[in-house]
Amino acid sequence: MFLADSGLDILVLDKKSSPGQGQNKKAIGGIRATHSARSKILIAKKSLEIFSGWEEKTGDDIEWYEGGYSYPVYNEEDEENLKNLLEIQQKFGLNIKWLDKEEYVKKVPMIKKEGLIGSTYSPEDGSASPLRAINSFYLQAEQNGAEFKFEEAVESIYTNKSKVTGVKTDRGEYSCKYVVNAAGAYAKEIGKMVGIEVPVTPDSHEAGITEPVQRLFEPMVVDIRPAEGSKNYYFYQHKTGQIVFCITPNPPIVGTDTNHTSVFLPQVSKRMLNIMPRLKNINIRRTWRGLYPMTPDGYPIVGETKEIKGFYNMAGMCGQGFMLGPGLGYYVSEDITGDISNEDKDILGDLSLYRDFSGSEALK
Ligand SMILES: Cc1cc2nc3c(=O)[nH]c(=O)nc-3n(C[C@H](O)[C@H](O)[C@H](O)COP(=O)(O)OP(=O)(O)OC[C@H]3O[C@@H](n4cnc5c(N)ncnc54)[C@H](O)[C@@H]3O)c2cc1C
């Protein structure tokens, strides 16, 4: 969308039959700039600007809802960790603060109060519908001049003297100067086509959605306490009333299995009722399973490779590809067209393929 807007000739090749049929539609729709490092905070802030202004700009309702995000804590160690992060987050302009127990209970009245210490609260975070958003972004990209070809799989990438010269698919061949590898869980396979190791390893995550009910609470609630089989649990109430929820399995379920299981619902219900007992009477409509395209440190891999000119990665979105996508699209377009400030270049530099991957995102 952004690249086409900048006047370049853009062709999008997708092996699936329509937009967002990879992992995008598996996302629960959470959008936050509440991360633990500069790159993701600033990129997600740009995304928030795009999501929140989208309806006014285009007239399309993507079900954006500015409910905020919250990380309630029930022990002192979590309290200290989150309060330490607040400093970094505020330094990069994130609107986030600490609420004590009474203040937080006013925001989320049904939260389990026993043992609750307080919570972070970032009111400008929110949510939107991944299905609606991706279709609207797709239409906007077409309007900007991008061409889309679906049901067309990339099979190899042509290079000459270490420069990209074209792409071969199962239907044809195209010449080009740039290839952007945005293949999500399959980014590693695309990297192999030019002999570049892109360390993206998918793992499986399940989610679910309830029937719609009247508004019960505003912010996403991220319960960072581990429990048997899961590292954390997060849920929010969508603009249209449904509660949408997800857990992070522990240990991770590495691989590309997207069959949803009978294990998930009993497991997640326990967590749900533990932190918000009032939800016991709500009906669950559907569960599903998708993939997080994970990197070793929890940060995306973005930028042109040194070895092959014109081969550009935009991969490894981990559990945040929906929320990072638009902001990253904006930054990447600046980078590829060369119309980029030193500051923005620096932000993308944090996501370089050539970093040592020894860091760790605290809020992945
Ligand atoms: C249960 C669950 C909940 C989640 N919740 C959230 C959330 O609340 N917020 C959030 O931000 N993120 C969330 N995520 C993560 C998010 O869905 C992913 O990070 C995101 O979809 C990755 O985006 P992507 O564009 O990199 O990959 P994808 O959306 O998977 O797109 C990759 C595309 O590449 C295509 N492709 C691959 N190989 C080829 C090839 N050889 N030729 C042609 N096309 C190819 C695929 O068909 C696909 O369309 C969640 C994920 C899951 C599973």
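Start at 1 and go down the list; that is how both ligands and their atoms are numbered.
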For atom 6 (C) of ligand 1, which protein heavy atom lies nearest, and how many Å away is it?
Ala27 CB, 3.5 Å
What do you reckon, does Cys246 have a nitrogen or oxygen under 3.5 Å from a nitrogen or oxygen of ligand 1?
no
If you count every heavy atom of other residues, nucleotides or ligands that lies below 6.0 Å from Lys177 atom NZ, does the total exceed 12?
no
Location of contacts on Ala315 toward ligand 1, heavy atoms closer than 4.0 Å
neither
Heavy-atom contact under 4.0 Å between Glu189 and ligand 1?
no
Considering both backbone and side-chain atoms of Asn24, is one of its nitrogen or oxygen atoms within less than 3.5 Å of a nitrogen or oxygen in ligand 1?
yes
Does Arg289 come within less than 4.0 Å of Asp257, counting only side-chain N to carboxylate O?
yes
Out of Met317, His205, Lys26, Met323, indicate the one that has the non-hydrogen atom closest to atom 3 (C) of ligand 1.
Lys26
Does the Asp100 side chain pair with the main chain of Glu102, one donor and one acceptor, at a distance under 3.5 Å?
yes
When the ring planes of Phe235 and Phe217 are compared, do they come out parallel, tilted or perpendicular, using 30° and 60° as the limits?
perpendicular
For atom 20 (C) of ligand 1, what's the nearest protein heavy atom and its distance?
Gly321 CA, 3.7 Å
Report, in ascending order of atom number, the atoms of ligand 1 lying under 4.0 Å from any heavy atom of Ala153.
42 (N), 43 (C)
Is the shortest distance from a heavy atom of Gln21 to ligand 1 less than 4.0 Å?
no
Is Gln23 close to ligand 1, meaning an N/O of one under 3.5 Å from an N/O of the other?
yes
Protein heavy atom at shortest distance from atom 8 (O) of ligand 1
Gly30 N, 2.9 Å
Which residue and atom name correspond to the protein heavy atom nearest atom 48 (C) of ligand 1, and how close is it?
Asp14 OD2, 3.7 Å
Charged N to carboxylate O below 4.0 Å: is that the case for Lys46 and Glu49?
yes
Does an N or O anywhere in Tyr234 fall below 3.5 Å from an N or O of ligand 1?
no
Check whether any N or O atom of Ile190, backbone or side chain, sits under 3.5 Å from an N or O atom of ligand 1, and answer yes or no.
no
Which of the atoms in ligand 1, numbered in the order shown and given with their element, are less than 4.0 Å from a heavy-atom of Gly29?
7 (C), 8 (O)
Can you check whether Ala185 has an N/O within less than 3.5 Å of an N/O in ligand 1?
no
Ligand 1 N/O within reach of Ala207 N/O, cut-off under 3.5 Å
no
Under 3.5 Å between any N/O of Val154 and any N/O of ligand 1: does that happen in this structure?
yes
Can you tell which part of Ala182 has a heavy atom less than 4.0 Å from ligand 1: side chain, backbone, both or neither?
backbone
Hydrogens and angles aside, do Thr261 and Glu206 bring a side-chain donor and acceptor to less than 3.5 Å of each other?
yes
Below a 4.0 angstrom heavy-atom separation, can you tell me which part of Leu13, side chain or backbone, both or neither, approaches ligand 1?
backbone
Any idea which atoms of ligand 1 are less than 4.0 Å away from a heavy-atom of Gly184?
26 (O), 27 (O), 32 (C)
For Glu152, the ligand 1 atoms with a heavy-atom partner under 4.0 Å come out as 43 (C)
Using the rule given for side-chain contact (heavy atoms from CB on, under 4.5 Å), can you reason through Tyr186 versus Thr256, listing the C-alpha separation, both sets of side-chain angles and the distance that settles it, and then say yes or no?
CA-CA 10 Å; Tyr186 302 94; Thr256 52; 3.9 Å; yes
Any pair counted as side-chain hydrogen bond (donor to acceptor under 3.5 Å, both in side chains), so long as it reaches residues 157-166, sequence neighbours left out
Tyr158-Glu173
Only heavy atoms of Gly290, strictly under 4.0 Å: list the atoms of ligand 1 that pass.
53 (C)
So ring-ring contact (aromatic ring centres under 6.0 Å, His included) across residues 24-57, not counting sequence neighbours, yields Phe51-Phe137, Phe51-Phe322, Trp54-Phe137
For ligand 1, which atoms sit closer than 4.0 Å to a heavy atom of Lys16?
47 (O)
